[in-house]
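FYI, the numbering just counts along the sequence from 1. In this text, all values refer to a predicted model and were calculated from it rather than measured experimentally.
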Amino acid sequence: MSAHWAGIYGAYATKFKVSLLPRWPIRIEEGQLRPLNASSRNIDAVWRGEKPDLANPENYPFDPLTLSALLDSLEEFFISQVKHICRFPTMKKLREHDAVWMQQTKVMAFQSLEEFYKVESLLVNCKYRFDHDAVASLLPKIANLPTYEDQYLKDDDEGYCVLEYQRSSLSEMPTLSPSLPRWWANYTSMLYWHSINAYTKDPSNLHSAGRRKMERIWREETNGFHGAMGHAPEGHIYTLYGPNTDTEVLLELPTSQMQGWVWGDTYSLVLTIKREALSRGDFSNVTYDITN
């Protein structure tokens with residue numbers, strides 16, 4: 001599938017043995033059809049350009065599952081920082097000043113991992129019995145832990161590494177990399193899908209700050225994620241329909257990231273029905289096409 005988020009969605013549902021398919025309320029409007037262009041929007045874009053800030057209550061987990069996702073992602077991140085800074089100098093030829101920076105940064109990386117584990121040990125009970133106040137009081141202690149960025153560019157004429165590097169903190173936007181930190185991308189993706197699942201069961205499942213943020217996101221996204229009825233489908237279908245046939249278009253549903261469904265290679269599902277059956281309210285023989 002060309003929609004990578006579909007794989008993420010499926011992986012979460014399988015791993016945690018939960019149904020992530022949301023049950024949204026439906027609003028029906030009569031009027032001019034807007035383009036059904038849902039597949040062009042990327043869920044990850046919701047957090048693009050936003051600081052990975054764990055001191056912001058809007059980004060807090062809201063249940064044991066989302067807390068576990070956050071702590072697991074952070075643990076992997078801090079361990080990877082230690083691994084990289086230990087292994088790289090053994091694999092590459094470094095100038096003295098680069099080797100000194102790496103040695104000093106290695107000390108810092110171990111300290112950050114240790115500080116993370118101190119906070120994680122205080123939050124471990126919340127993985128089973130969630131305590132929002134405890135989470136809110138402890139997560140800021142992780143938010144500004146020291147981290148680093150580095151990039152290996154090439155070897156110079158003498159075989160020494162040409163590097164870019166800098167110290168940073170967990171809540172800073174990366175500057176050497178064009179993408180957000182992997183721990184943040186993993187966590188926010190999980191947070192998004194589980195917020196949908198929890199909210200559509202009962203909005204009070206989300207804490208107030210996270211709920212306000214998600215509602216802003218979803219209000220914006222509904223502009224792109226909608227179906228249509230009684231129209232000519234935007235793409236080609238093989239079923240003959242319209243006034244010169246006995247078939248009508250009943251409903252077109254585009255690929256939707258909010259719903260978590262994908263039709264073909266992110267096309268639309270088109271349901272058709274015989275006009276005579278529609279007049280009788282008989283929906284026992286609805287057929288379908290996928291546009292292309």
Using side-chain hydrogen bond (donor to acceptor under 3.5 Å, both in side chains) as the criterion, list what pairs up with [X], not counting sequence neighbours.
{"X": "Asp155", "answer": "Tyr152"}
{"X": "Asp150", "answer": "His84"}
{"X": "Asp72", "answer": "none"}
{"X": "Glu172", "answer": "Ser169"}

Exercise: do Thr245 and Thr247 side chains pair donor with acceptor under 3.5 Å: no

Distance-minimising heavy-atom pair for Pro233 and Glu252: CA-OE1, 3.3 Å

Would you list the pairs meeting salt bridge (Lys or Arg N to Asp or Glu O under 4.0 Å) in which at least one residue belongs to residues 187-211, sequence neighbours left out? Arg211-Glu215

Test item: Leu191 and Phe62 side chains (from C-beta on) under 4.5 Å apart, heavy atoms: yes

Kindly say whether Asp53 contributes a backbone atom to a donor-acceptor pair with the side chain of Trp184 at under 3.5 angstrom? no

Show your working on side chain to side chain donor-acceptor pair (under 3.5 Å) between Gln166 and Thr175 and close with a plain yes or no. CA-CA 9 Å; Gln166 64 180 22; Thr175 57; 2.6 Å; yes

Counting the benzene-type ring for Trp, do His236 and Tyr238 have ring centres under 6.0 Å apart? yes

Are Asp246 and Arg275 ion-paired here, with the side-chain N under 4.0 Å from a carboxylate O? no

Should Glu58 and Arg216 count as an ion pair when the cut-off is N to O under 4.0 Å? yes

Which pairs with one or both residues in residues 91-101 pass side chain to side chain donor-acceptor pair (under 3.5 Å), sequence neighbours excluded? Arg95-Asp156, Asp98-Tyr165

More than 12 foreign heavy atoms under 6.0 Å from CZ of Arg280: is that the case here? yes

